[in-house]
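So that the names make sense, note that chain A is the first sequence line, chain B the second, and so on, each numbered from 1.
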Protein chains: 2
Amino acid sequence: MERLETRELSYFVTVAEELHFGRAAQRLRMAQPPLSRAIRQLERRIGVTLLDRTSRRVSLTPAGRVLLEEGRHVLDAVAAAERRTRRAASPEPAIVLAMKSGGDGGLLPGILAAYAEDPVAVAVDVVFANGQRAAMVRDGRADVAILHCPPDEPTGLDCEELTVEGQVALLPASHPLAARETLRVADLAGEVQPRWPSDRTDPAGPPGESDPSARTGLTTSSDPSVPPAGPVVSDGIQLMQLVALGRVVAVVPESVRGHIRHDIACVPVVDAPPVRVLIARSEQSSSNAIAALLRVAAMVAERH
Amino acid sequence: MERLETRELSYFVTVAEELHFGRAAQRLRMAQPPLSRAIRQLERRIGVTLLDRTSRRVSLTPAGRVLLEEGRHVLDAVAAAERRTRRAASPEPAIVLAMKSGGDGGLLPGILAAYAEDPVAVAVDVVFANGQRAAMVRDGRADVAILHCPPDEPTGLDCEELTVEGQVALLPASHPLAARETLRVADLAGEVQPRWPSDRTDPAGPPGESDPSARTGLTTSSDPSVPPAGPVVSDGIQLMQLVALGRVVAVVPESVRGHIRHDIACVPVVDAPPVRVLIARSEQSSSNAIAALLRVAAMVAERH
DNA sequence: GTCGTTCCATACCCGCAGGGTATCGGTTGT
DNA sequence: ACAACCGATACCCTGCGGGTATGGAACGAC
């Protein structure tokens, strides 16, 4: 009995995501027949049917769904192994911390200062990433990340809760609601909300690769109750500009109050779900430098 | 740039464990030259030196140590992917729970009974394993395991603490210390303690493969301060027999008091480190059947 | 020093697995 | 009924993964 190879897993994951051999082969930069054959071999080897194919549509069996999930995990682990090994070979090792700009609940300066005192501390590279932070930890692009729990999905990560924050609405100072003491989510119904770039899907793929949603030709506005999707913003400055111009209204964790422009009003949204600010790392990684950072972070967060 | 294959990783992990190309090749059932070549290719591909070789000895670089750890994790994940997929394809899915016999702190019956009430419950297969329980969860042979924290190493697992137990010494009724109310670890110095089979290394390997320690010819009694290693016991019955015969004295969690023979005395060891009883699962595995089991277990443990 | 042993690297060869092109055949929408 | 779509099959070929033979450096014995 042979062992599963990562190439086969990556083939299967791609097909399972596309549910279409032709497109999957395209994404994998190969022809469709060898791909079909490889998947068949995979199925025979583990003795399980993973896909139900008619010549018209492809769908996952229950076993296929679990292999999709497990396979993604394997591929992340492989990517992480490679990246972490490369970084371990660099002359001066460092920890990579991923966060959304302004998304640290104001805790990061204190954490870094306290960590620098630690005997096992090493340099900390802070990188800013909008979506993808959890994925970055999973596949080794980052060692730790600061996540906001409702949007982010910390499955498979080793997390520590730092704070729980309420949310506030950012409004142009001239907005009718700007004078209110508090708001409720219902008050903001119909307002245009900004979107951050693709938190869900992996925007990687080789250049010249088209967006999957663009491929279908229509903008997948499946749910008409959602207001017309707002403009895509990729950093806090852009967001502030759009708010100031009255183009969007944003709901963000209250700690961003610290760095907003004076022409923007900031009103608590009392019934918005509270946001848990987490610090997460990969579940293995027995590095004590990283463990120390987590420990210090928890202590700093403890005493507000 | 090509992707890392699991075959290469398994080659590297084997070499890194043996620190000897010849023996590694033997374990991998292949000749030594292709193995050397494969490792070189691996190093060139990721652009990092993993091993320092003189023609006399092989040693790991820091990067090599990282890849050894990450590689093991990948191989576990691959094995888990295959096994979980196979089990998902079985007509009637079940959860596999691994435990040491008598190692459940007396909680398991209650947990299983409560779990059976849960709406999403599925069948639970209980398997007994002496060492290896953590590894079984990591590589998919089990879905959850009951661990005893000091000996077991829950790195990379998602754990829930069920209880903390003190430890007791099992002595033959005729033993001079059997009448004591309490003991200290020092009192047991010099007593012969039983050993459980290979908690550390993987005893797998194809039949006809010799034990690595046997290969060196000597019994690796590197630390002479440890009393002459006791007999290996592989289940609780054997242990009880050996204790009753006065051949060994065992120190075990206090919950085993429930099922000892009448000719064995049981005395608390007050300064033995307390044992944390954990229930652990793999860090991903978003299966809600498993999540429910963990939840129920925590509740049952809560109310003693 | 020299010889023998050990052990990793190099040189060279071979078979098959993995990838490509051409084409078939079943399903579906018009 | 026909065209379009899409996965499966048939067939070829290159390159990679594996084998054997041998080189060459490092140590130990004497």
**Q.** Derivation and outcome, side-chain contact (heavy atoms from CB on, under 4.5 Å), residues B:Val96 and B:Arg87
**A.** CA-CA 10 Å; B:Val96 176; B:Arg87 281 206 271 108; 3.9 Å; yes

**Q.** Candidate nucleotides D:dG19, C:dC8, D:dG7, ranked by approach to the side chain of A:Arg53 - the nearest
**A.** D:dG7

Q. Taking five pairs at each end of the helix from C:dG1-D:dC30 to C:dT30-D:dA1, what angle separates the two helix axes (nearest 10°)?
A. 30°

**Q.** Between P of C:dA17 and CG of A:Leu35, the distance in whole Å
**A.** 18 Å

Q. Would B:Thr49 and B:Glu43 count as having a side-chain donor-acceptor pair, cut-off 3.5 Å?
A. no

(Q) With a 4.0 Å cutoff (strictly under), does any side-chain N or O of B:Gln32 reach OP1 or OP2 of D:dG19? (A) no

(Q) Just by distance, no angles: are the side chains of B:Ser36 and B:Gln32 close enough, under 3.5 Å, to form a donor-acceptor pair? (A) yes

Q | Side chain of A:Met30 (C-beta onward), nearest among D:dG17, C:dC8, C:dG20 | A | C:dG20

(Q) Nearest 0.5 angstrom please: B:Arg23 CZ to B:Glu18 CD, how far? (A) 5.5 Å

Q: Let me know which of B:Arg7, B:Arg3, B:Glu5 forms a side chain to side chain donor-acceptor pair (under 3.5 Å) with A:Thr6.
A: B:Glu5

Q. Within the pair B:Arg57 and C:dC7, is there a side-chain N or O less than 4.0 Å away from OP1 or OP2?
A. no

Q.
Side chain of B:His20, heavy atoms from C-beta onward: which of D:dT20, D:dA8, C:dC7 has the nearest atom to it?
A. C:dC7

Q: Could you state the atom-to-atom distance from CD of A:Glu2 to C1' of D:dG17 in whole Å?
A: 11 Å

**Q.** Nearest-angstrom distance from the residue atom CZ of A:Arg40 to P of C:dA17
**A.** 18 Å

(Q) Nearest whole Å is fine: how far is C:dG18 C1' from A:Arg29 CZ? (A) 18 Å

Q: Identify, with sequence neighbours excluded, every residue that meets salt bridge (charged side-chain N to carboxylate O under 4.0 Å, His left out) alongside A:Glu17.
A: A:Arg27, A:Arg72

Q) Between B:Asp52 (CG) and C:dC7 (C1'), how many Å, whole number? A) 16 Å

**Q.** Inter-residue atom distance A:Leu293.CG - A:Asp118.CG, 0.5 Å rounding
**A.** 9.0 Å

Q: Counting heavy atoms from C-beta on, name the nucleotide in C:dG20, D:dA8, D:dG19 closest to the side chain of A:Phe21.
A: D:dA8

**Q.** Whole-Å gap separating P (D:dG7) and CG (A:Leu51)
**A.** 10 Å

**Q.** B:Ser36 side-chain N/O to C:dA9 phosphate OP1/OP2 under 4.0 Å
**A.** yes

Q. Which whole-number value in Å describes the distance from A:Leu19 CG to D:dC5 P?
A. 19 Å

(Q) Expressed as a whole number of angstroms, how long is the span from A:Glu5:CD to C:dA17:C1'? (A) 12 Å

Q. If you measure from CZ on B:Arg141 to CG on B:Asp76, what distance do you get to the nearest 0.5 Å?
A. 8.5 Å

Q. For B:Gln41 and D:dC16, is the shortest distance between a side-chain N/O and OP1 or OP2 below 4.0 Å?
A. no

Q. Are A:Arg37 and C:dG18 close enough that a side-chain N or O sits under 4.0 Å from OP1 or OP2?
A. no

Q. DNA chain D: A:Thr54 or B:Tyr11, which has the more 5' nearest nucleotide?
A. A:Thr54

